[in-house]
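Each remark here refers to the structure printed beneath this line.
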Amino acid sequence: MTETNRTTEPRAATDTPRKRIEVVAAIIRHEGRILAAQRGYGEFKDGWEFPGGKTEPGETPERALVREIEEELAVRVKPEVLLTTVEYDYPTFHLTMHCFLSTIEAGEIEMKEHEALRWLAPDELDRVEWLPADVEVVEKLKAHLALDAGATENL
């Protein structure tokens, strides 16, 4: 299931082009729950997100995801499925975010960059204040989880 979403704010024709940032995000699933991370720094401090970070030149999104999660959480993840790619215009930059359903392959989570981590059940996903681009991911995730639940019921 891959899809591109676009949320944009109107811009005047004279606006300068926005800086473009390409990132990856891990939607980490474990024992029926999803990991949410609260940013501990920067412009969006205290907002909730799926952990991840910027891709480096020549790096595949999957490799970037594994590297970023090792750096942020000290675990090795396995990117399983590209759930969605979000295109989102923040006031000062354009974000392209590749979001992968992922599982932990090895290690114990250590909180290195975030203020807090929470494991959320599917019905708890709306209990945190997601960053704007992550709101779109949550909606896609809820739809995906509902489809998975329906497929399981039909077995």
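Only this structure's heavy atoms are used, side chains among them; waters, hydrogens and symmetry mates stay out.
- Closest non-hydrogen pair, A26 versus L65, comes out as N-CD1, 3.4 Å.
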L95 vs V86, side chain to side chain contact (heavy atoms under 4.5 Å, CB included): CA-CA, chis, key distance, verdict: CA-CA 8 Å; L95 180 74; V86 172; 5.9 Å; no
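- Side chains of T96 and E22: no donor on one and acceptor on the other come within 3.5 Å.
- Remark: T85 OG1 to E87 CD distance equals 7.5 Å, nearest 0.5 Å.
- Ion pairing of K45 with E115 is present here, as a side-chain N (NZ or NE/NH1/NH2) and a carboxylate O approach within less than 4.0 Å.
- With I28 as reference, I104 is the one residue of L101, T103, I104 to meet the side-chain contact (heavy atoms from CB on, under 4.5 Å) rule.
- Here L35 contributes atom CG and W48 contributes atom CH2; the two are 8.5 Å apart, rounded to the nearest 0.5 Å.
- From E110, atom CD reaches atom CD of E72 across 13.0 Å, with rounding to the nearest 0.5 Å.
- With respect to E49, the side-chain contact (heavy atoms from CB on, under 4.5 Å) criterion is satisfied by exactly one of H114, M97, Q38: H114.
- The structure places NE2 of H94 at 13.5 Å from NZ of K19, a figure rounded to the nearest 0.5 Å.
- A distance of 14.5 Å separates CG in D134 from NZ in K140, rounded to the nearest 0.5 Å.
- What you find for A64 and E59 is that their closest heavy atoms are CB-OE1, 3.3 Å.
- Electrostatic pairing of R63 and E56 does not count as a salt bridge here, judged by no charged N lying under 4.0 Å from a carboxylate O.
- A salt bridge is defined here as a Lys NZ or Arg NE, NH1 or NH2 lying under 4.0 Å from an Asp or Glu carboxylate O, and E139 with K142 meets this definition.
- When all heavy atoms of G32 and P122 are compared, the closest pair comes out as O-CD, 3.4 Å.
- No continuous path of ILVMFWY side-chain contacts below 4.5 Å connects V66 to V24, so the two sit in separate hydrophobic clusters.
- Taking 4.5 Å as the limit, some side-chain heavy atom of W119 sits within range of a side-chain heavy atom of I109.
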Full working for salt bridge (charged side-chain N to carboxylate O under 4.0 Å, His left out) between E124 and R33: CA-CA 9 Å; E124 298 173 327; R33 295 186 182 271; 3.2 Å; yes
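- Note: L125 CG to W130 CH2 = 6.0 Å, rounded to the nearest 0.5 Å.
- With a 4.5 Å cut-off on side-chain heavy atoms, S102 and I27 do not count as touching.
- A perpendicular orientation is assigned to the rings of F44 and F93, their planes being inclined by more than 60° (bins at 30° and 60°).
- Between E68 and K54 no salt bridge is recorded (no basic side-chain N to carboxylate O distance below 4.0 Å).
- In this model, no donor atom of one side chain and acceptor atom of the other lie less than 3.5 Å apart for E136 and T84.
- Contact annotation: the side chain of F50 never approaches that of C99 to less than 4.5 Å [non-hydrogen atoms, C-beta and beyond].
- Within the 4.5 Å cutoff, side-chain heavy atoms of L83 are placed close to those of H144.
- Judged by distance alone, the side chains of H98 and E62 never bring a donor and an acceptor atom under 3.5 Å apart.
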Audit row: T55, T60, side chain to side chain contact (heavy atoms under 4.5 Å, CB included) steps and yes/no: CA-CA 8 Å; T55 58; T60 66; over 6 Å; no
Evaluation steps, side chain to side chain contact (heavy atoms under 4.5 Å, CB included), between R118 and V128: CA-CA 9 Å; R118 286 183 63 186; V128 297; 3.4 Å; yes
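- The pair E80-R29 meets the salt-bridge criterion, with a side-chain N (NZ, NE, NH1 or NH2) lying under 4.0 Å from an Asp/Glu carboxylate O.
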Y90 vs L131, side chain to side chain contact (heavy atoms under 4.5 Å, CB included): CA-CA, chis, key distance, verdict: CA-CA 10 Å; Y90 281 99; L131 294 175; 4.0 Å; yes
